[in-house]
Amino acid sequence: MAKPGWSCNSVQMTDALLRDAIAKALKRAQRQGELPAFDIPEIPVERPKQAEMGDWATPVCMQLARLARMAPIKIAEAMVKRLPELSFISRVQVAPPGFVNFALDEGWLCRQVETILAEGERFGLADVGQGQRMQVEYVSANPTGPLHMGSARNAVLGDALANVLSNAGYRVQREYYVNDAGSRMRAFQETLLARYRQALGHEAQVPEDGYHGPYMVELGAELAQRCGTSLLEMPADQALLEIGRLGVAQVVDGARSDLAAMGIVYDLWFSEQTLYDQGQFEAIMSILRQGGHLDLHDGAVWFKATALGGEKDEVVVRSDGTPGYFASDIAYHYNKFSERGFDRVIDVWGADHQGHVPRMRYMMQALGLDPRRLGIILYQLVTLKRGGEVVRLSKRTGDMITLREVLDEVGADAMRYFLLSRSADSQMEFDIDLAKEQSDENPVYYIQYAHARICSILRHAGDAPHKDGDVMLLTHPAEQGLIRQMLRLPEVVRLAAEQLAPHHLTYYAYDLAAAFHAFYRDCRVVSSEAEEQDLTLARLKLVDAARLVLRRTLRIMGMSAPEVM
RNA sequence: GCCCCAGUAGCUCAGCGGAUAGAGCAGCUGCCUUCUAAGCAGCUGGCCCCAGGUUCGAUUCCUGGCUGGGGCGCCA
């Protein structure tokens with residue numbers, strides 16, 4: 001049984017109840033000999049394209065035609081005759097070539113306004129996760145400089161997904177993996193030490209594979225100011241570690257504040273270095289060694305992925321004795337699953353990491369973990385444009401656009417909506433100039449404007465006692481259309497959670513706003529006519545519920561719900 | 001060469017094997033004396049990349065092409 005906090009409301013169960021009813025009706029028809037014997041399949045229920053067709057439809061009779069050796073229409077008629085009474089359905093129709101269409105009952109729809117208000121902030125919860133513990137790890141950019149725009153899509157996807165999952169019945173932890181170990185870190189330390197020395201007037205050379213952007217010059221100067229010459233007096237190795245520690249702390253603080261400006265706050269910032277400091281890397285190596293998954297040749301330690309079906313083996317420890325990126329990730333994921341006990345883990349990576357996916361799956365297998373517990377969202381890279389020209393993104397040459405820079409220009413809400421509104425599988429173009437210029441025409445304002453309009457109506461109505469409103473008066477097509485859209489939220493949350501695809505929310509939010517704007521056009525809410533006072537109260541109640549649903553939707557996307565625009 | 005993702009309206013993109021394929025932007029036409037015109041209504045715009053296959057039914061699934069992006073490091 002689901003926990004009370006995640007219990008299904010009546011709203012989202014209509015399709016499930018419908019499936020049951022259809023299966024029951026088919027069985028009855030079989031028992032009474034009107035349909036031949038066959039196994040009842042999973043009943044598909046979908047939303048018809050045309051509004052006149054109703055709210056739900058099933059094409060199941062077409063699928064059954066072959067099994068039953070009957071015309072789909074005949075099957076449909078036999079099924080419909082035996083359909084149990086359903087309180088939320090008022091009309092059932094058979095349509096060629098064999099669809100059965102269902103329309104929701106008007107009165108039932110009206111009553112859902114009460115249901116939504118009663119559920120309050122819990123409206124929209126779906127029960128996919130059943131309380132499972134899930135971790136979402138996202139962004140996790142190397143702490144070698146400010147976050148650039150390449151990480152923005154990662155941030156938006158990961159954060160919205162975490163929101164979706166926690167609304168879908170998972171207990172979610174948000175985590176940022178700080179890559180403060182490894183060869184890139186070494187290059188960072190060397191670059192920073194050189195810039196620090198230069199700031200103090202000493203000769204120093206930034207290494208070839210170091211970070212050549214102006215950011216490191218600033219950071220070096222800042223640390224020179226803060227630490228004086230103290231680091232010059234240390235042995236080189238010690239100075240590198242020390243300046244690296246200070247530099248990473250600074251960079252991580254920057255990332256934390258940039259992400260916070262987008263409304264993203266993590267539960268944990270996990271340091272890669274701790275995997276080595278606390279012996280977890282050693283432990284995992286011995287587990288793999290005992291499992292016979294390691295091999296030693298060419299001076300390096302290899303993970304035998306080919307033994308598990310992989311195309312090639314993978315280096316874990318390089319011939320110079322230093323562990324690679326994969327080594328850390330093995331220890332890190334072992335830590336996630338076995339030590340911290342997450343039921344499922346989602347990693348959000350750019351498509352340039354796709355080669356890393358298969359070896360992570362083999363690693364799970366080697367550790368005796370079900371690979372399905374690790375979900376990897378690979379998103380296609382964003383092409384950044386400015387003034388119609390493609391902007392190159394490279395942290396090492398320093399030719400880059402920071403996340404903060406774009407965030408300050410377009411705002412957190414527009415940034416989130418833009419980057420969220422496409423499926424992770426699709427490449428997308430982000431034209432900075434366009435995002436700025438178009439900001440007034442941006443769909444994000446269309447959606448937020450609906451919320452602001454609602455708030456304006458409620459302000460205008462003052463303290464009218466709309467708690468007493470009679471929802472059964474909400475029979476206008478625009479009212480019913482708005483209620484229908486409001487009821488979709490739990491369904492959309494469930495879909496987004498199952499597919500790990502938060503972009504569905506952006507389309508839903510737009511549809512919901514459109515339904516409200518249409519209602520606003522057709523239905524005057526606050527009336528001064530005495531005989532319309534009851535309708536006014538009923539509509540205020542509807543509007544109040546619409547505000548709740550719109551606010552919930554915006555919040556799940558990580559966007560604000562302004563009361564005034 | 002092999003692997004991953006995409007190809008749908010002028011542009012950017014939705015579309016859970018089903019009915020007459022959608023939205024935003026761009027273009028054109030109307031609508032503000034009462035709750036916000038950042039809104040509403042309408043028009044224009046499509047060999048769903050191509051060729052086969054599976055299916056009662058394919059934009060959706062499979063195979064093979066073509067085009068674009070990404071990967072195939074003892075980088076991450």
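Reminder, nothing fancy here: chain letters follow the sequence lines and each chain counts from 1. Keep in mind that this is a model prediction, so the values were computed, not measured. These values consider heavy atoms only, across backbone and side chains, with no hydrogens, waters or symmetry-generated copies.
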- Mind checking side chain to side chain donor-acceptor pair (under 3.5 Å) for A/Q499 and listing every partner two or more places apart, or none if nothing turns up? A/H504

- Message: Only pairs with both distances under 3.5 Å count, Watson-Crick or wobble alike; so what is the partner of B/rC25 in this structure?
- Response: B/rG10

- Taking only residues two or more places apart in sequence, or in another chain, which ones meet A/Y417 in a side chain to side chain donor-acceptor pair (under 3.5 Å)? none

- In Watson-Crick or G-U wobble terms, with both distances under 3.5 Å, the base opposite B/rC48 is none

Identify each donor-acceptor pair in which a side-chain atom of residues 512-519 of chain A lies under 3.5 Å from a protein atom, sequence neighbours left out, and give them as a table.
unit_1 : atom_1 : unit_2 : atom_2 : d
A/H517 : ND1    : A/R453 : NH1    : 3.1
A/H517 : NE2    : A/Y446 : O      : 3.3

- Output the single nucleotide from B/rC13, B/rG70, B/rA19 whose closest atom is nearest the side chain of A/N101. B/rA19

- B/rC32 pairs with which nucleotide, Watson-Crick or G-U wobble, both distances below 3.5 Å? none

Tabulate atom names and distances for all N/O pairs under 3.5 angstrom spanning the protein and nucleotides 38-42 of chain B.
unit_1 : atom_1 : unit_2 : atom_2 : d
B/rG39 : O2'    : A/R453 : NH1    : 2.8
B/rC40 : OP1    : A/Y446 : OH     : 2.5
B/rC40 : O3'    : A/R521 : NH1    : 2.6
B/rC40 : O2'    : A/R521 : NH1    : 3.2
B/rA41 : OP1    : A/R521 : NH1    : 2.9
B/rA41 : O5'    : A/R521 : NH1    : 3.4

- Any donor-acceptor pair under 3.5 Å joining the side chain of A/Q427 to the base of B/rG68? yes

- Message: With heavy-atom distances below 4.5 Å as the criterion, would you say the side chains of A/Y211 and A/L192 are in contact?
- Response: no

- Message: Once ring pair (Phe, Tyr, Trp, His ring centres under 6.0 Å) is applied, do any residues pair with A/W302, and if so which ones, sequence neighbours excluded?
- Response: A/H297

- Query: Going by number, which of residues 38-59 of chain A have a non-hydrogen atom under 4.0 Å from RNA chain B?
  - Reply: A/E46, A/P48, A/K49, A/Q50, A/M53, A/A57, A/P59

- Task: List for me each residue that meets ring pair (Phe, Tyr, Trp, His ring centres under 6.0 Å) alongside A/Y362, sequence neighbours excluded, and say none if there are none.
- Result: none

- Message: I need the CG-P distance between A/D522 and B/rC31, as an integer number of Å.
- Response: 19 Å

- Message: Between A/F303 and A/F326 (judged by ring centroids, cut-off 6.0 Å), do the two rings come close enough to count as a pair?
- Response: yes

- Would you say a side-chain N or O of A/S527 is under 4.0 Å from OP1 or OP2 of B/rU34? no

- Roughly how many Å is it from CG in A/L458 to P in B/rC35, rounded to a whole number? 15 Å

- Message: Holding to side chain to side chain donor-acceptor pair (under 3.5 Å), I want the full list of residues that pass it with A/Y508, two or more places apart in sequence or in another chain.
- Response: none

- Item | Partner set under side chain to side chain donor-acceptor pair (under 3.5 Å) for A/E77, not counting sequence neighbours | none

- Message: So, using ring pair (Phe, Tyr, Trp, His ring centres under 6.0 Å) as the criterion, who are the partners of A/H333 when residues are at least two apart?
- Response: none

- Just how far, in rounded Å, is C1' of B/rC74 from CZ of A/F303? 16 Å

- Write down the partner of B/rC75 under the Watson-Crick or G-U wobble criteria, each distance required to be under 3.5 Å. none

- Query: For the pair made of NE2 in A/H503 and C1' in B/rG24, what is the distance, rounded to whole Å?
  - Reply: 15 Å

- Message: Using a 5.5 Å cut-off between ring centres and planes within 30 degrees, is A/F99 stacked on the base of B/rA19?
- Response: yes

- Note on the structure: Per the O4'-C1'-N9-C4 / O4'-C1'-N1-C2 angle with a 90° window around 0, B/rC32 comes out syn

- Query: Could you state the NE2-C1' distance from A/H504 to B/rA23, rounded to the nearest angstrom?
  - Reply: 15 Å

- Item | Axial cation check for A/Y332 ring with A/K336, 6.0 Å and 45° limits | yes

- Which residues, if any, of residues 309-323 of chain A bring a heavy atom under 4.0 Å of RNA chain B? A/V315, A/R318, A/S319

- Message: Can you list everything that forms a side chain to side chain contact (heavy atoms under 4.5 Å, CB included) with A/M428? Sequence neighbours excluded, please.
- Response: A/R153, A/V382, A/L419, A/R422

